[in-house]
Amino acid sequence: MDDTTTTTTTAAAASAATTYNNNRNKKKKNQTPEAKFHSDLTLCSKNKDLHAAISLYESATSQRLNQSHFNTLLYLCSNSVTDPSLKPLALTYGFRIYEHMLSLHIKPNEASITSAARLAAAKGDGDYAFGLVKSMEIAPRLRTYDPALMCFCENLEAEKAYEVEEHMGKVGVSLEEPELAALLKVSSETGNGERVYGYLHKLRNVVRSVGDSTTAKAIEDWFCGEKAREVGEVNWELERVEKAVEKNGGGWHGLGWIGKGDWVVKRANVDSAGRCGGCGEQLACVDIDDAETERFAQSVAALALEREVKANFSEFQDWLETHGDFEFIVDGANIGLYQQNFADGGFSVSQLDAVVKELYNWSGNKWPLVVLHNKRLRALLENPSQRKLVEEWMDNGILYTTPTGSNDDWYWMYAAVKVKSLLVTNDEMRDHIFELLGSSFFLKWKEQHQVRYTFVKGNLKLQMPPPYSSVIQESKKGSWHVPVAGNSSDCNESLRTWLCITRPSASEAFDKVPVNAETSENGHCISNLDSRSPCKSESVTRGNGLHNSVHSFQSSDDKAVSLTGKRKERSPSPSQPSHTPN
């Protein structure tokens, strides 16, 4: 491009910019007073300029103000109360603007009431903030309740805070970690041990790990305080507690405080096998409980019966009731088609056979159940080199073939849930059929039941579910283990800090303090940690080249343990017949 062309292009661009700015200025000059007011107020909101916004408000006529304008003004006022230099002005004008809005018979919406409630809370008037929420004719949101709830908690008005929580429950608004931490803290500071216990369990249901600065500190403060020494019972039926833990899927019993007297509070790490470095206790794999499992199975079945031929899926349900003693359910198509996207690729019988045989050996000579579509089975039987092996599978009761037109995903998913077994598949279960389940416990179930696999240079590697769950846990001994957020990595959970909370009167596990954990008796909490281990993966190789996490099947004392609190060890049983629907 020569200099003349460049000069011409630059001049054209400058001319276009000038024309654009002139048109823009003309539009501004031609703005109506209402449009200009709206534009200026929007700019004030964008710049968070409270003084300019109030000047605009003072100059405006009532006819010019609508709900959007009032909401913008209220939002600016409620956001400015955190600035000490602006708080008096924000409160004075905030309430004045809200009353002006009502006087014009402009109905406040959720945003209006949320801002007004924040202003009331900033003034310390939780009753007014809660009254605004209760007067709403539309559904409030969590942010609408927060000002009143937090105000009551900060003022140690515990009963009023509980009333807000109850009101939230009635309209279906769920508590999140900040709200639960505030309720736990006010319960702790007012000495309500029963409420503290309840909020610990609500936290367990809502979060996997707790924030360090607020929630973890509130938990530590409770257990380090004098009131915590007084809660609990000495005489507990261990068998009753153990049954409750088993029924709940492991990791909690929910029966109340166990023991009496001092608590020992530490910050410690948990090793890759799930052993707590603070007290030596083995953490549990936390599964969904019995009721959730049944609801989950019913949800899968209901959706499958809507989308499958009803008679076919009902037949599978009946068959599973009779033959459902399996440790492993195998997604046959997922394994057979793994890494087969090359020129000569197809369904790999050898890969599926490797998985079947390894699971058989690992289960104490007990065959898994392989779910496979009947079109796949027909193709395998037509191949002379594969027919003999497939017939052996059929003779050993390994196969359940799904009928033409069916989606085999429904079958292997239902089987894994119904018989509480492990599911071998690399399917991430993100498809629309799994989204339809919509259950809050689906991810928890998946974490504890899915077995992933790889083939590296022909050698099979199974990745078993983790040996413990990184979630809040309550043991049968009355101890608590609480994971703290923000100090671990995806490659090494053992870097995570945990609150280890034990009670010597209720637990014999606390024999000595390991060197990597610092102790705090009641009233003396210590937060620092010393030793850190590098990120590494530990595995053990079996004779046939299969690699597995050593922690998936053994605890640190080399005794075999079940993989979760729900999956139970089963003894080998005679082979069951295969089933191939017509």
Colleague: Taking the side chain as every heavy atom from C-beta outward, state whether S80 and K48 have any pair of such atoms under 4.5 Å apart.
Modeller: no
Colleague: Passes side-chain contact (heavy atoms from CB on, under 4.5 Å), V186 versus L156? Steps please.
Modeller: CA-CA 6 Å; V186 72; L156 299 184; 4.0 Å; yes
Colleague: Quick check: do R452 and T425 have side-chain heavy atoms less than 4.5 Å from each other?
Modeller: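 Answer no - side chains too far apart.
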Colleague: Just checking, is any N or O donor in the side chain of S187 or Y162 under 3.5 Å from an acceptor N or O on the other one?
Modeller: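 The answer is yes; a qualifying pair exists.
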Colleague: Salt-bridged, E294 to K418, with N to O below 4.0 Å?
Modeller: yes
Colleague: Verify whether one side chain among T114 and T144 offers a donor that lies under 3.5 Å from an acceptor in the other.
Modeller: yes
Colleague: Salt bridge or not between K420 and D290? Use side-chain N to carboxylate O under 4.0 Å.
Modeller: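 Judged by the 4.0 Å cut-off on N to carboxylate O distance, K420 and D290 do form a salt bridge.
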Colleague: Compare every heavy atom of A161 with every heavy atom of L183, then report the nearest pair and how far apart it is.
Modeller: CD2-CB, 3.9 Å
Colleague: Hey, are the side chains of W263 and T502 touching, using non-hydrogen atoms and a 4.5 Å cut-off?
Modeller: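 The answer is no, as the side chains (C-beta and beyond) never meet within the 4.5 Å cut-off.
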Colleague: Tell me whether the count of non-hydrogen atoms from other residues, nucleotides or ligands lying under 6.0 Å of CD in Q298 goes above 12.
Modeller: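 Check passes, neighbour count above 12.
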Colleague: Under 6.0 Å from the ring centre and within 45 degrees of the ring axis: does the NZ or CZ of R267 meet both conditions for the six-membered ring of W498?
Modeller: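 The answer is no; the distance or angle limit is not met.
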Colleague: Which atoms form the tightest heavy-atom contact between S272 and S494, and what is the distance?
Modeller: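 That closest heavy-atom pairing would be N-CB, 4.3 Å.
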Colleague: Might you confirm whether atom CZ of R240 has over 12 heavy atoms from other residues, nucleotides or ligands at distances under 6.0 Å?
Modeller: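 No, because the 6.0 Å sphere around CZ of R240 holds 12 heavy atoms or fewer from other groups.
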Colleague: Would R275 and E281 pass as an ion pair if we require N to O under 4.0 Å?
Modeller: no
Colleague: Decide whether Y93 and E58 meet the rule of one side-chain donor and one side-chain acceptor closer than 3.5 Å.
Modeller: yes
Colleague: For E308 and N407, which I'm curious about, is there any donor-acceptor pair between the side chains at under 3.5 Å?
Modeller: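 Result is no, nothing qualifies.
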Colleague: Might you confirm whether atom CD of E242 has over 12 heavy atoms from other residues, nucleotides or ligands at distances under 6.0 Å?
Modeller: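 Atom CD in E242 is packed in, count exceeds 12.
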Colleague: Should the pair E493-R496 be classified as a salt bridge under the 4.0 Å nitrogen-to-oxygen rule?
Modeller: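 Salt bridge flag = yes for R496 with E493.
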Colleague: What distance do F152 atom CZ and K160 atom NZ have between them, rounded to the nearest 0.5 Å?
Modeller: 5.5 Å
Colleague: Are any of the side-chain heavy atoms of P108 and M136 separated by less than 4.5 Å?
Modeller: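 They are not in contact (no side-chain heavy atoms under 4.5 Å apart), so the answer is no.
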Colleague: Run the salt-bridge test on R208 and E177 with the 4.0 Å N-O cut-off and return the result as yes or no.
Modeller: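 Not counted as a salt bridge, because no side-chain N and carboxylate O are separated by less than 4.0 Å.
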Colleague: Check the pair M101, L74 against side-chain contact (heavy atoms from CB on, under 4.5 Å), reporting the backbone distance first and the verdict last.
Modeller: CA-CA 10 Å; M101 181 182 185; L74 287 169; 4.2 Å; yes
Colleague: Under 6.0 Å from the ring centre and within 45 degrees of the ring axis: does the NZ or CZ of K444 meet both conditions for the six-membered ring of F442?
Modeller: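 Relative to the ring axis of F442, which defines the angle, K444 lies outside at least one limit.
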Colleague: Answer yes or no: is there a side-chain heavy-atom contact under 4.5 Å between L200 and L184?
Modeller: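 Sidechains of L184 and L200: in contact.
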Colleague: Under the criterion side-chain contact (heavy atoms from CB on, under 4.5 Å), I'd like the reasoning laid out for K477 against I258: C-alpha separation, chi angles, the key distance, then a yes or no.
Modeller: CA-CA 7 Å; K477 300 172 184 177; I258 293 179; over 6 Å; no
Colleague: Measure from the side-chain N and O atoms of D289 to the backbone N and O of A291, and report whether any donor-acceptor pair falls under 3.5 Å.
Modeller: yes
Colleague: Say whether N71 and Y75, considering side chains only, have a donor N or O and an acceptor N or O under 3.5 Å apart.
Modeller: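 The answer is no; no qualifying pair exists.
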Colleague: So does K260 have more than 12 non-hydrogen atoms from other groups sitting under 6.0 Å from NZ?
Modeller: yes
Colleague: Could you pull out the closest heavy-atom pair between M168 and S174, with the gap in Å?
Modeller: CE-O, 4.4 Å
Colleague: Checking side-chain polar atoms at under 3.5 Å, does Y199 have a donor or acceptor matched by the opposite partner on E194?
Modeller: no
Colleague: Going by heavy atoms in the side chains, are P483 and I472 under 4.5 Å from each other?
Modeller: yes
Colleague: For the atom pair CD (Q448) and OG (S469), what is the distance rounded to the nearest 0.5 Å?
Modeller: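 These two atoms lie 3.5 Å from each other.
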Colleague: Answer yes if the ring centres of F223 and W257 are under 6.0 angstrom apart, and no otherwise.
Modeller: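 Yes, close enough.
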Colleague: How about Y57 and H69: does a side-chain donor come under 3.5 Å of a side-chain acceptor?
Modeller: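 The answer is no; no qualifying pair exists.
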Colleague: Here's a test for you: under salt bridge (charged side-chain N to carboxylate O under 4.0 Å, His left out), which of E176, E165, E179 qualifies with K202?
Modeller: E165
Colleague: Taking the side chain as every heavy atom from C-beta outward, state whether L175 and V206 have any atom pair closer than 4.5 Å.
Modeller: no
Colleague: So, do M464 and Q450 sit near enough that their side-chain heavy atoms are less than 4.5 Å apart?
Modeller: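 Sidechains of Q450 and M464: no contact.
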Colleague: Under the side-chain hydrogen bond (donor to acceptor under 3.5 Å, both in side chains) definition, can you give me all pairs with a residue in residues 81-90, not counting sequence neighbours?
Modeller: D83-S85
Colleague: Are N66 and H38 close enough that a side-chain donor and a side-chain acceptor fall under 3.5 Å?
Modeller: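 Short answer, no.
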Colleague: Output the distance between atom CG (N79) and atom CG (L50), rounded to the nearest 0.5 Å.
Modeller: 10.0 Å
Colleague: Which heavy atom of L132 sits nearest to which heavy atom of A117, and what is that distance?
Modeller: CD1-N, 3.6 Å
Colleague: Is the shortest side-chain N to carboxylate O distance from K107 to E137 below 4.0 Å?
Modeller: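 Answer for the salt bridge query: yes.
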Colleague: Using 30° and 60° as the class limits, which term best fits the ring planes of W236 and H253: parallel, tilted or perpendicular?
Modeller: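 Taking H253 first and then W236, their aromatic rings sit tilted (interplane angle of 30° to 60°).
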Colleague: Heavy-atom count around K123 NZ within 6.0 Å, excluding the residue itself: above 12?
Modeller: no
Colleague: Would you give the length of the straight line joining atom CD1 of I113 to atom OG of S135, rounded to the nearest 0.5 angstrom?
Modeller: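 That separation rounds to 5.0 Å.
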Colleague: What residues form a side chain to side chain donor-acceptor pair (under 3.5 Å) with N426, not counting sequence neighbours?
Modeller: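 Not a single residue meets the side chain to side chain donor-acceptor pair (under 3.5 Å) criterion with N426.
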Colleague: Show the nearest heavy-atom pair for residues A228 and W222, with the distance to one decimal.
Modeller: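 Closest heavy-atom pair between A228 and W222: CB-O, 3.1 Å.
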Colleague: Any idea which heavy atoms bring S78 and R118 closest together, and the distance?
Modeller: CB-CB, 4.0 Å
Colleague: Checking D271 side chain against A273 main chain: does a donor-acceptor pair fall under 3.5 Å?
Modeller: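 Indeed, once roles are kept as given, a pair shorter than 3.5 Å links the two residues.
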Colleague: Which residues pass the ring-ring contact (aromatic ring centres under 6.0 Å, His included) test with Y145, not counting sequence neighbours?
Modeller: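 Expected list: H167.
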Colleague: For F70 and H100, run side-chain contact (heavy atoms from CB on, under 4.5 Å): C-alpha distance rounded to whole Å, both residues' side-chain angles, the deciding distance at 0.1 Å, then the answer.
Modeller: CA-CA 9 Å; F70 278 113; H100 187 188; 4.0 Å; yes
